[in-house]
Amino acid sequence: MKSIIVSFTATASLITAASTLATEMPAAGKSRCGACHTIDKKLVGPAWMDVSKKYKGDKDAASKIALNITKGGAFGWKLGNMPPKGMGANEAEIKSLSEFIANLAK
């Protein structure tokens with residue numbers, strides 16, 4: 001019985017890890033933002049999952065994230081300042097990335 005519980009626990013852990021790894025950063029995110037951000041770990045800037053959790057439940061999350069990307073700043077993270085528009089992202093990329101980030105923690 002004990003080995004069955006251990007097996008179920010291990011399987012659940014692998015499924016959870018696989019679902020996290022299955023989420024890939026969009027191409028614009030890799031080229032424009034990947035030097036400072038990852039999906040699940042703090043790098044130079046906060047992990048996008050942490051940003052998503054900060055705005056979880058906020059119906060205007062994507063537009064708030066897009067505004068922050070556009071204007072740049074620290075946003076209370078105490079990790080330094082992000083330049084406006086990151087690494088030169090255009091409006092379409094900002095909109096797409098902000099929607100992607102906002103939906104990560106759902």
Side-chain angles (χ1 to χ4, degrees):
M1 181 66 168
K2 197 174 194 178
S3 64
I4 292 173
I5 293 171
V6 171
S7 295
F8 281 133
T9 303
T11 302
S13 297
L14 289 172
I15 291 169
T16 302
S19 67
T20 301
L21 294 173
T23 303
E24 287 195 31
M25 188 180 289
K30 285 181 184 177
S31 65
R32 304 270 189 223
C33 311
C36 296
H37 297 277
T38 67
I39 291 176
D40 59 349
K41 290 183 266 186
K42 178 177 76 170
L43 198 56
V44 174
W48 282 353
M49 182 60 81
D50 292 338
V51 174
S52 185
K53 288 176 184 175
K54 179 179 178 178
Y55 291 97
K56 189 173 182 176
D58 185 339
K59 65 180 180 69
D60 298 321
S63 61
K64 289 177 181 177
I65 294 168
L67 180 63
N68 287 341
I69 294 169
T70 302
K71 71 179 181 180
F75 321 112
W77 292 101
K78 299 179 184 175
L79 297 171
N81 287 332
M82 183 177 81
K85 296 194 176 187
M87 297 295 290
N90 64 44
E91 296 303 316
E93 290 169 330
I94 291 171
K95 183 178 187 301
S96 174
L97 288 170
S98 64
E99 289 170 357
F100 174 79
I101 294 167
N103 288 314
L104 282 171
K106 289 186 177 180

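If you read the sequence from its start, that first residue is 1, and numbering goes on from there.
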Where do Leu43 and Cys36 come nearest, in terms of heavy atoms and distance? CB-O, 3.3 Å
For His37 against Met25, the heavy-atom pair lying closest together: O-CE, 3.3 Å
Answer yes or no: is there a side-chain heavy-atom contact under 4.5 Å between [X] and [Y]?
X      : Y     : answer
Lys42  : Trp77 : no
Lys85  : Ile69 : no
Met82  : Val44 : no
Phe100 : Thr23 : yes
Pro46  : Phe75 : no

If you measure from CD1 on Ile39 to CG on Asp50, what distance do you get to the nearest 0.5 Å? 12.0 Å
Given the rule that I, L, V, M, F, W and Y join up when any side-chain heavy atoms are under 4.5 Å apart, are Trp48 and Leu79 in one cluster? yes
Looking at Ile65, Leu104, Asp60, which hits side-chain contact (heavy atoms from CB on, under 4.5 Å) with Tyr55? Ile65
Backbone N or O of Ala102 within a donor-acceptor pair of the Ser52 side chain at under 3.5 Å? yes
With a 3.5 Å distance limit and no angle check, can you tell me whether Glu99 reaches the backbone of Ser96 through a side-chain donor-acceptor pair? no
With a 4.0 Å cut-off, would you call Lys95 and Glu91 a salt bridge? no
